[in-house]
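Heads up: the structure comes next, in structure tokens.
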Amino acid sequence: MNTRTRSTPSGPAIEVTGDLDHHSAPGIRRLLPGLDIGQGRQLVVDLSGLTFCDSAD
């Protein structure tokens, strides 16, 4: 999995590519505290680049 963050006029965006599973998901969680998601702003998570997404517990 690879991630890229960028700023947009409405708020931060995270682009996720590759495989997302229970091993790689913590990488996204680590990004969240550093993002500027203040009042009136939105977080966009772009998953269009995923090639695999595991939903198992």
Nearest heavy-atom neighbours spanning H23 and P26: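 It is O-CD, 3.5 Å.
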Those residues that, when tested against P9, pass side chain to side chain contact (heavy atoms under 4.5 Å, CB included) (two or more places apart):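 Testing P9 for side chain to side chain contact (heavy atoms under 4.5 Å, CB included), a comparison that skips the adjacent residues, returns none.
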Residues which pass salt bridge (charged side-chain N to carboxylate O under 4.0 Å, His left out) with R6, listed by chain and number, not counting sequence neighbours: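 Only E15 meet the salt bridge (charged side-chain N to carboxylate O under 4.0 Å, His left out) criterion with R6.
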For [X], enumerate each residue passing the side-chain hydrogen bond (donor to acceptor under 3.5 Å, both in side chains) test, keeping only those at least two apart in sequence or located in another chain.
X   : answer
D19 : T51
S7  : none
S24 : D21

Below 3.5 Å, can you tabulate the donor-acceptor pairs from side chains in residues 32-47 to any protein atom, sequence neighbours excluded?
{"from": "R41", "atom 1": "NE", "to": "D36", "atom 2": "O", "distance (Å)": "3.1"}
{"from": "D46", "atom 1": "OD1", "to": "S48", "atom 2": "N", "distance (Å)": "2.9"}
{"from": "D46", "atom 1": "OD1", "to": "S48", "atom 2": "OG", "distance (Å)": "2.7"}

Atom pair CG (N2) and CG (L20), whose distance is rounded to the nearest 0.5 Å: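 Rounded to the nearest 0.5 Å, the CG-CG separation comes out at 12.0 Å.
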Gap between atom CE of M1 and atom OG1 of T17 - 0.5 Å precision: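 These two atoms lie 8.5 Å from each other.
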